[in-house]
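Would you mind keeping the following structure in view while I ask a few things?
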2 protein chains.
Amino acid sequence: MSATNTGVPAPLDTTLPSPVPSEEHEHCPVTDILRRIGDKWTVLVIVLLGQRPHRFNELHQGIEAISQRMLTRTLRGLQEDGLVHREVFATVPPSVEYSLTPLGNTLLTPLSALATWAIENQPAIAASRHANSLPGQNS
Amino acid sequence: MSATNTGVPAPLDTTLPSPVPSEEHEHCPVTDILRRIGDKWTVLVIVLLGQRPHRFNELHQGIEAISQRMLTRTLRGLQEDGLVHREVFATVPPSVEYSLTPLGNTLLTPLSALATWAIENQPAIAASRHANSLPGQNS
DNA sequence: CTGGATCCGAAATGATACTG
DNA sequence: CAGTATCATTTCGGATCCAG
């Protein structure tokens with residue numbers, strides 16, 4: 001049933017295209033993208049690569065808390081989706097340079113919007129989270 | 001594999017784990033938000049609630065593929081962060097209405113930007129993902 | 001220097017039964 | 001109707017070893 005809209009226009013200043021296809025067979029691409037960039041390190045890698053191309057060890061040292069395995073997995077995932085370009089230089093020792101593809105570069109725009117929102121509202125979220133986690137001792 | 005539990009007491013999976021068990025390293029709020037909305041169902045719930053308030057079963061039937069457990073956990077997480085408001089009506093039978101808070105409503109703006117990007121570039125991503133997964137005879 | 005392979009624990013998710 | 005409790009499965013993430 002796609003006609004769930006009973007003539008009630010959403011009074012929102014943001015026009016959501018229609019990210020809910022209401023089809024259990026097909027999942028919306030929004031969820032798909034969120035599942036891709038919603039992991040622990042993907043966004044950090046994208047942001048770093050958005051500044052300039054990095055080599056493997058540059059990324060590894062730039063994030064510092066990521067393991068080699070997760071860095072490789074993250075880059076492979078981004079590369080598979082066409083967001084990151086991998087170029088191997090047959091030097092000695094070998095070096096691999098990672099960079100954002102044009103497609104990956106366009107992701108920086110909506111990602112920065114979300115980042116701005118997160119930074120702006122992080123105190124409010126932290127406050128609400130902390131308040132709801134505590135038992136109501138005062139009232 | 002087999003049940004080789006080393007006497008681990010059954011953890012209560014319905015209780016939300018402590019957000020910060022100890023003096024964990026402080027990570028950027030962007031990653032924090034991505035970890036929150038990057039799960040499997042949170043965005044769908046936010047979008048549905050962005051259209052209009054929904055009751056529990058409305059959300060459950062609107063998504064259809066989510067289990068009661070995950071719907072409850074998703075709503076609890078959003079409620080804890082102050083993005084979703086929960087109002088109980090002491091009727092018979094009881095009904096609970098969920099709606100976006102003003103803070104949660106502001107999330108729709110950057111989320112719609114990301115949704116638009118995802119819908120726009122979903123074909124390109126799917127094509128790249130499919131091409132790289134195949135043993136294609138490229139170059 | 002890059003990164004694949006393997007093992008392990010933790011967390012997320014799903015299915016189901018039960019309850020006020 | 002709106003959850004909660006429990007269990008099983010999958011996925012995620014880290015540590016380590018090993019290879020080109």
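Computed from heavy atoms alone, side chains included, the values below leave out hydrogens, waters and symmetry copies. Chain letters run A, B, ... following the sequence lines, proteins first, then strands; residues in each count from 1. Nothing here was measured: the structure is a model prediction, and the numbers come from that model.
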Partner set under side-chain hydrogen bond (donor to acceptor under 3.5 Å, both in side chains) for B:Trp41, not counting sequence neighbours: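 Here no residue qualifies.
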Those residues that, when tested against A:Asp39, pass side-chain hydrogen bond (donor to acceptor under 3.5 Å, both in side chains) (two or more places apart):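 Once residues adjacent in sequence are excluded, the partners of A:Asp39 under the side-chain hydrogen bond (donor to acceptor under 3.5 Å, both in side chains) criterion are A:Thr42.
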Proximity to the side chain of B:Asn57 - top-ranked nucleotide from C:dG3, D:dC1, D:dT4: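 Nucleotide nearest to B:Asn57's side chain: D:dC1.
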Between P of D:dG14 and CD of A:Glu64, the distance in whole Å: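 Checked: the CD to P distance equals 13 Å.
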Proximity to DNA chain D (any heavy atom under 4.0 Å), residues of residues 82-99 of chain B only: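 The stretch gives B:Arg86, B:Pro93, B:Pro94, B:Ser95, B:Val96, B:Tyr98 as the residues lying under 4.0 Å from the strand, ordered by number.
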A:Val47: side chain to side chain contact (heavy atoms under 4.5 Å, CB included) partners, not counting sequence neighbours: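 Per chain and number, A:Val47 pairs via side chain to side chain contact (heavy atoms under 4.5 Å, CB included) with A:Val43, A:Gln51.
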Listed partners of A:Arg86 passing side-chain hydrogen bond (donor to acceptor under 3.5 Å, both in side chains), at least two apart: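 Scan of A:Arg86 (side-chain hydrogen bond (donor to acceptor under 3.5 Å, both in side chains), adjacent residues dropped) gives A:Tyr98.
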Contacts of type side chain to side chain contact (heavy atoms under 4.5 Å, CB included), residue B:Ser67, not counting sequence neighbours: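 In terms of side chain to side chain contact (heavy atoms under 4.5 Å, CB included), with neighbours along the sequence ignored, B:Ser67 is linked to B:Arg69, B:Met70.
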What N/O pairs connect the protein and nucleotides 10-13 of chain D at under 3.5 Å? Give each pair on its own line.
from	atom 1	to	atom 2	distance (Å)
D:dG13	OP1	A:Lys40	N	3.2
D:dG13	OP1	B:Arg35	NH1	2.8
D:dG13	N7	A:Arg69	NH2	2.4

Qualifying residues under side chain to side chain contact (heavy atoms under 4.5 Å, CB included), relative to A:Pro94, sequence neighbours excluded: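 Testing A:Pro94 for side chain to side chain contact (heavy atoms under 4.5 Å, CB included), a comparison that skips the adjacent residues, returns none.
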Spacing between A:Gln68 atom CD and D:dC17 atom C1', to the nearest angstrom: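 Spelled out: CD on A:Gln68 to C1' on D:dC17 is 11 Å.
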Results of salt bridge (Lys or Arg N to Asp or Glu O under 4.0 Å) for A:Arg36 - residues two or more places apart only: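 By the salt bridge (Lys or Arg N to Asp or Glu O under 4.0 Å) rule, A:Arg36 matches A:Asp81.
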Axis bend over the full length of the helix from C:dC1-D:dG20 to C:dG20-D:dC1, computed from five pairs that close each end, to 10 degrees: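 The helix from C:dC1-D:dG20 to C:dG20-D:dC1 shows an end-to-end axis angle of 40°.
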B:Thr31: side-chain hydrogen bond (donor to acceptor under 3.5 Å, both in side chains) partners, not counting sequence neighbours: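 Once residues adjacent in sequence are excluded, B:Thr31 has no partner under the side-chain hydrogen bond (donor to acceptor under 3.5 Å, both in side chains) criterion.
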Partners meeting side chain to side chain contact (heavy atoms under 4.5 Å, CB included) with A:Thr116 (sequence neighbours left out):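 Checked A:Thr116 against side chain to side chain contact (heavy atoms under 4.5 Å, CB included); matches are A:Glu120.
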